[in-house]
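What follows is one structure encoded as structure tokens, with my remarks underneath.
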Protein chains: 2
Amino acid sequence: MTTDDEVSDASRGPADLVRRRGGGRKSSGRQRSSHSLDAVVSEAVALLDEGGEAALTFRALAARLGGGVGSIYWYVSSKDELLERAADHVLGGVLTATAHLGQGEDPIAEVRELAIAFYAATVNRPWLGAYFLQDTGTQVNGLMFFDRVGRELMRLDLTPRQRLDAVSAVMAYVVGVAADRGQDPPPEVRDGRVPVDEFVSEFRASIRAMDSRAFPFLHHIADEFAAHDDAEQFRAGLDLLLAGLRLQSGR
Amino acid sequence: MTTDDEVSDASRGPADLVRRRGGGRKSSGRQRSSHSLDAVVSEAVALLDEGGEAALTFRALAARLGGGVGSIYWYVSSKDELLERAADHVLGGVLTATAHLGQGEDPIAEVRELAIAFYAATVNRPWLGAYFLQDTGTQVNGLMFFDRVGRELMRLDLTPRQRLDAVSAVMAYVVGVAADRGQDPPPEVRDGRVPVDEFVSEFRASIRAMDSRAFPFLHHIADEFAAHDDAEQFRAGLDLLLAGLRLQSGR
DNA sequence: ACCTGAACACCGTTCAAGT
DNA sequence: ACCTGAACACCGTTCAAGT
């Protein structure tokens, strides 16, 4: 419905199954501010989205929540846990965004949609790269997503082991693409401070400048690289993986 | 030849094509210590391997090099650059370890070997997850590896675009698997402080404890998960990807 | 050209104290 | 039960000074 392509926010996840601390105590709170796990994590994600990994600071987060630094530790025991929960929060958004899937004829097509939705949530969020599927305890949504993908594969004629391997492969691929941002246009280009054309021709020039005997392939794909679209490239790789899976399942 | 499966070290890379600063000035150096880009990066990798990301500190690195903190900035302009170079250094090791490849009949089999060697270098190095292929300028070995994989695909009947997409997919997959460590045994198990069996049965128990209607797939693969081998799982996913590629290339 | 180390600004985490 | 903020230990980075 909304047309924000910057960090499309279906971030708000489904019910956190985790023991929630910090209920709805609203009454009689006067000058002391009152948070909740949800507020802490949501604001953390917002901070991350606005300013990248460096912007998430306990002090900045506390200021944003209108409280003291120490309070955050009531909800979260370390920065690592905070980042894990932030990543899981994003995955929660993916879950709700894909809640309608799972009825389709073709299980592999469903997996494709799930993976694409996952990918969409990671674009413009370079910060969550390494934080998916860290600790099973704090990342229910991660487990849930894993399960949803796997459920589709249960409709295919595969062994449990093959199913596990396939789900793991799809997840790894998505996370890998998310982590790989960097061959891409640098920030000054994405911001529009430098025109794309300029970046592209500069990039092409720098490839041409390299020894073509040392880097024959880079020369070979210089034009393609300059013109490629990230999302398309993601789908191309995903489709290779899924084609292999389809083959394995005998269709 | 060596049988260290802990961080198998073919780390020492081929000629750094990068402008080297800090030549071999050895004479007349008295109490001032003298470094080199190579020493700085090698020791950084060592620190990282021994103690993880948290262990790499400018102060610790300086102490190890026997010098002052400031000196490091002569070779490297930030911690980010240091980590990029460290990642590239590891990839350099992969390049030398696979120097013999490229003559084989089947290009796809060669790609498979390259990917497996890449994977082997990332196991036990959770720290390099996000640092591959960041800045083309400082990561020659990354470009070189990319090119080597691509070169194999030039022997297949594909369009340049398809080749680019395939190489990117393979790289993303490897990086993704590397980043995904975490469903795996936690450190206290890898260290041997807690026996593997105990972890495995505990894990299985925790899956059984979950609602089987909410997580049918997790129940389905609980046994497989407990028994799976990471390297095998990596190869299984890689083979799906390569099967798709083989199909696309018409064999 | 390269190294030193004190100094700076900032960070995650702790904790005695408050309500 | 939850919040506060000063205090602590430590970090990346800078820079005037040395050789």
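None of these values were measured; they are calculated from a predicted model. Within every chain, numbering begins at 1; the chains are lettered A, B, ... in the order of the sequence lines, protein sequences first and strands thereafter.
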Verify, without hydrogens or angle tests, whether B:Asn141 (side chain) and B:His89 (backbone) share a donor-acceptor contact under 3.5 angstrom. no
List the residues meeting ring pair (Phe, Tyr, Trp, His ring centres under 6.0 Å) with A:Phe118, not counting sequence neighbours, and say none if there are none. A:Phe132, A:Phe145
By side-chain contact (heavy atoms from CB on, under 4.5 Å), A:Ala99 pairs with (sequence neighbours left out) none
Under 3.5 Å for both distances, Watson-Crick or G-U wobble, that's the pair rule; now give the dot-bracket for DNA chain D, with | marking pairs to another strand and [ ] for crossing ones. ||.|||||...|||||.||
Short side-chain N/O contact from A:Tyr75 to OP1 or OP2 of D:dC2, under 4.0 Å: no
For nucleotides 6-19 of chain C, just jot down a letter per nucleotide in 5' to 3' order: B, S or -, based on protein non-hydrogen atoms under 4.0 Å. -B---BBBB---BB
Separation of atom CD1 in A:Ile72 from atom P in D:dG5, rounded to whole Å: 13 Å
Taken in chain and number order and not counting sequence neighbours, the residues that satisfy side-chain contact (heavy atoms from CB on, under 4.5 Å) with A:Ala231 are A:Tyr119, A:Asp229, A:Arg235
With sequence neighbours left out, the residues meeting ring pair (Phe, Tyr, Trp, His ring centres under 6.0 Å) with B:Tyr131 are none
Reckon B:Trp74 has a side-chain N or O less than 4.0 Å from the OP1 or OP2 of C:dC2? yes
Which residues share a side-chain hydrogen bond (donor to acceptor under 3.5 Å, both in side chains) with B:Thr98, sequence neighbours left out: B:Arg148
Under the side-chain hydrogen bond (donor to acceptor under 3.5 Å, both in side chains) rule, collect the residues that match up with B:Gln139, sequence neighbours excluded. none
Would you list the atom pairs, donor with acceptor, under 3.5 Å between side chains in residues 58-65 of chain B and any protein atom, with sequence neighbours excluded?
residue	atom	partner	partner atom	Å
B:Arg64	NE	B:Glu43	OE1	2.8
B:Arg64	NH1	B:Glu50	OE1	3.1
B:Arg64	NH2	B:Glu50	OE2	2.9

